[in-house]
Amino acid sequence: MLRAAMWILVLLVSMAPAARAAQGRFVIADVVVNGAQRAPAMIHVALDGTIRARRDDVLQWQLVLGEVPGVMLGDIEHVTLTGLPDLQAVFDGSVLTLQAAAWQFAGARIDLRRAAAPAVDSSRGGFINYDFNAFATRSQRAAWGMAIDAVWFDAADSFNTTGVLSDGTGGARFVRYESAWVRDFPALARTLVVGDSIARSGTLARGFRFGGLSYGSNFAIRPDIVTFALPAVPGEARLPTSADLLINGQLQSRLQLPPGPFEIANVPAINGAGEVQLVTRDTLGRQQVLVVPFYVSPSLLARGVVDAGVEAGRVRENFALDSARYGRAFGRAIVRTGLSDQQTLEAHAEVTKGGQVVGTGLTANLGGVAVATVAAAVRGGEQRGHASTIAVERATRGFSFGLRGQFASRGFEQIGEPAGLRSRLSANASLPVATTGTASVVYVRDTRHDRSARDTTAITYQHQFGRRVSMQATWSRGRAGPERSDYVGVSLAMPLDNLASASLAATRQAGRENIMLDWRQNMPPDGGIAGRARLAAGGGERLDAGLSWQNAFGQWSADASAGAGADSVRLGATGSLVMAGGVIRAVRQLGDAFGIVIVPGHGGIDVMHENQRVATTDAAGVAVIPRLRAFESNAISLDTASLKLTTELKLPERRVTPGRRAGVVMTFVAENALGALATLVTEDGQPVPAGAEVEVGSASFPVAARGEAWLTGLGAEMSALVRWGAQSCSIRIPAVDASQARARIGPLVCRAGKQT
């Protein structure tokens, strides 16, 4: 008995705090946290004024109260808000007002990274881009040539082949350039190519043309992925705060920051060094400026990002001269990975019949000041050798520079690099001058193991005079052994309007001086006429002129040149033949992605891409959009202003994401729907109340003030049901005259019961 009594006493003592805590009242209160209105919540106010709130509600307010113990009230855990350090809680009978320190809020992370790429829209079809030119001179017979780019595509694959068909002094011939089957894997950011391709390049590895197989990373098909680390801006706010985000003084975005610590991640930044400024203003009008310096370089990969690829096949030889000449076989692999946001490791291996090359390199951010790269490679096999590279670069809005040295022993050789190279040194620098000028210098020197050398130096100065005139002056000198060549040039350019420009240039090279006056009228975005003219004097007077015309079917041009004993005429035509979605059309030359819009039976409708008119449907209701952004969302819409009043669109806008070298077919449903403005009255002559619904077939239309409703889908005489609240009645709608663009009918008497 004594032991049982003791247990009962302990239980009563433990229940006492909860019992005392339960003495009070539960209240639904409006909640204001650091000046920000939150959703109403149920709170408990004890007799002694202690305020408690459900722990789940406190978490919704983004408050972090640490080790504050909970109290069970009505089987729900509550936390005490009064008596805590750095937290003031006041309840005036209807509003709970909380004032908390910034550290008591859960951190907010605002990610400015682009949204993930949407799924690729797929169609099936093909197109042929062509570029035809015919020319003739006084001394040669007429000749012609046509470049062809033929593509077939479906949901995930594409096949393309390019080449040139020509008839010149050597007779007619066709030279194939490239042929390849391509499959993109957007979810993996990888691409498989079977056929002709260009090999990847790296710190030491060189790019070259080959035929075979290539598989690896391709971040170009995922515009939402940024491979390098972007800057982040940390901070904290005690009150709701608005913020302006600026990059190098240019406004990028406006944000709303909640109270508490925050981090703005993945701030889009330009290449090189700069500053991110975050200008904050809280609800009390206080302003702060946070400045975060950054150094961004695309040569650095973010931590964990891997850029890799493998290639195998035969090296292409005599490209653009022979259709199918392939040389030695090879296999190669290149991988780059971000060890951290500041360090990127690279490795590559290359195997050919004569030997093997392996190499590695490291690129690192030097304290936000510059980026440095070191790399080395060795060759084994029949002939042995080694090579190394060291480079450093700094890019800023002010002084920028780059230094690079590449060195190779006599026995080192790899695909894409001419044999015998001993060293290649290069340096470049640029510096702003005053506020509108820039001076730059470039120096390159190659030496070979046969003791020959070649070097080039170029100095350029650019200056902007006001808003319209720009000047560029260039001096360069090239040396190859005892031979030397110098070039000096000065040019002035000025826009005449949005599409036209003029320029004047004077040059001196190899002892000959030339002066050229240029005028250009660029092509309007939606087609039209463009022209150019050039007058050259000094090294022999010469006049060149050309005229181009572009419409929905292609572009045609004519050029003529006279003077210096060499008169010539050229005629050209560019365009495309497209076949997809049952549509065959001759159109302007297509880009990497395009769209076909079909509005069956409705011609003359303007088609908009991102709110810009890009095409108009023909008599069959078909329009081709020559250029869309591949692997990005494109907003395609129809201009409703060009529709008849009797035409209704079921869905006037769509967003599509085409693949590379592919098109998307979009069908918009437009219906001829006669409409009328009807006035509806009840049997006692009063307007049908606003908010009522008129049911015409399967469609429903709202009634506005004065009993007026715009009804569509009309034609022959029909009946309709009208409902509002618990009441209903029916009306008889007379036949509507299709010749009236906006007919008015009524008043129509709404009678109880159905009308037949």
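Because the structure is predicted, anything quoted here is derived from the model rather than measured.
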Do Asp184 side-chain atoms and Val182 backbone N/O form a donor-acceptor pair below 3.5 Å? no

With a 4.5 Å limit on heavy-atom distance, are the side chains of Thr682 and Val688 in contact? yes

Thr657 versus Ser633, side-chain donor and acceptor atoms under 3.5 Å: no

Might you point out which heavy atoms bring Pro687 and Gly707 nearest each other, and give the distance in Å? CB-N, 3.8 Å

Would you confirm whether Asp154, through its side chain, and Ala156, through its main-chain N or O, come within 3.5 Å as a donor-acceptor pair? yes

Atom of Thr667, atom of Arg654 and distance for their closest heavy-atom approach: N-NH1, 3.5 Å

Can you pull the salt bridge (charged side-chain N to carboxylate O under 4.0 Å, His left out) pairs that have at least one residue in residues 300-310, sequence neighbours excluded? Arg200-Asp307, Asp307-Arg336

Give the minimum heavy-atom separation between Ala692 and Trp724, together with the two atoms involved. CB-CB, 3.7 Å

Does Asn266 reach the main-chain N or O of Leu230 with its side chain, forming a donor-acceptor pair under 3.5 Å? no

So, the side chain of Thr344 versus the backbone of Leu301: is there a donor-acceptor pair under 3.5 Å, distance only? yes

Any donor-acceptor N/O pair, Gln342 side chain to Ala364 backbone, under 3.5 Å: no

List the steps, then state whether side-chain contact (heavy atoms from CB on, under 4.5 Å) holds for Arg661 with Asp592. CA-CA 4 Å; Arg661 308 309 308 275; Asp592 272 352; 3.2 Å; yes

Tell me the closest heavy-atom pair linking Phe105 and Pro261, and the distance in Å. O-CD, 3.3 Å

Do you know which two heavy atoms are closest between Val292 and Pro234, and how far apart they sit? CG2-CD, 4.4 Å

With a 4.5 Å limit on heavy-atom distance, are the side chains of Val664 and Ile636 in contact? no

Any heavy-atom pair between the side chains of Arg281 and Val279 that's under 4.5 Å? yes

How many angstroms lie between CZ in Arg38 and CG in Asp57, if you round to the nearest 0.5 Å? 11.5 Å

Excluding sequence neighbours, so at least two apart, what forms side-chain hydrogen bond (donor to acceptor under 3.5 Å, both in side chains) with Ser299? Ser297

Test your reading of the model: is there a side-chain donor-acceptor pair from Glu346 to the backbone of Gly202, 3.5 Å cut-off? no

Flag the pair Arg394 / Tyr295 as yes when at least one side-chain heavy-atom distance between them is below 4.5 Å, and no otherwise. yes

Can you tell me which residue among Val27, Ile43, Val90, Leu98 is in a side-chain contact (heavy atoms from CB on, under 4.5 Å) with Ile51? Ile43

Between Gln277 and Gly249, is there a donor-acceptor pair closer than 3.5 Å when you use the side chain of the first and the backbone of the second? yes

Just do the side-chain contact (heavy atoms from CB on, under 4.5 Å) check on Phe594 and Ile625 with the steps written out, would you? CA-CA 6 Å; Phe594 66 94; Ile625 306 173; 5.8 Å; no

Side chain to side chain donor-acceptor pair (under 3.5 Å) between Arg52 and Thr80, worked out: CA-CA 4 Å; Arg52 295 179 176 88; Thr80 302; 3.3 Å; yes

Between Phe228 and Leu300, which heavy-atom pair has the shortest distance, and what is it? CB-O, 3.0 Å

Side-chain donor or acceptor of Ser123 paired with backbone N/O of Val665 under 3.5 Å: yes

side-chain contact (heavy atoms from CB on, under 4.5 Å), that's the test. Do Phe219 and Val305 meet it? Break it down for me. CA-CA 11 Å; Phe219 296 108; Val305 174; 4.1 Å; yes

Can you tell whether the side chains of Arg655 and Asp121 come within less than 4.0 Å, N to carboxylate O? no

Check: Asn248 side chain, Glu275 main-chain N or O, donor-acceptor pair, under 3.5 Å: yes

What I'd like to find out is whether the side chain of Arg54 reaches to under 4.5 Å of the side chain of Leu73, using heavy atoms alone. no

Verify, without hydrogens or angle tests, whether Asp639 (side chain) and Met608 (backbone) share a donor-acceptor contact under 3.5 angstrom. no

From CZ (Arg613) to CG (Asp606), nearest 0.5 Å: 5.0 Å

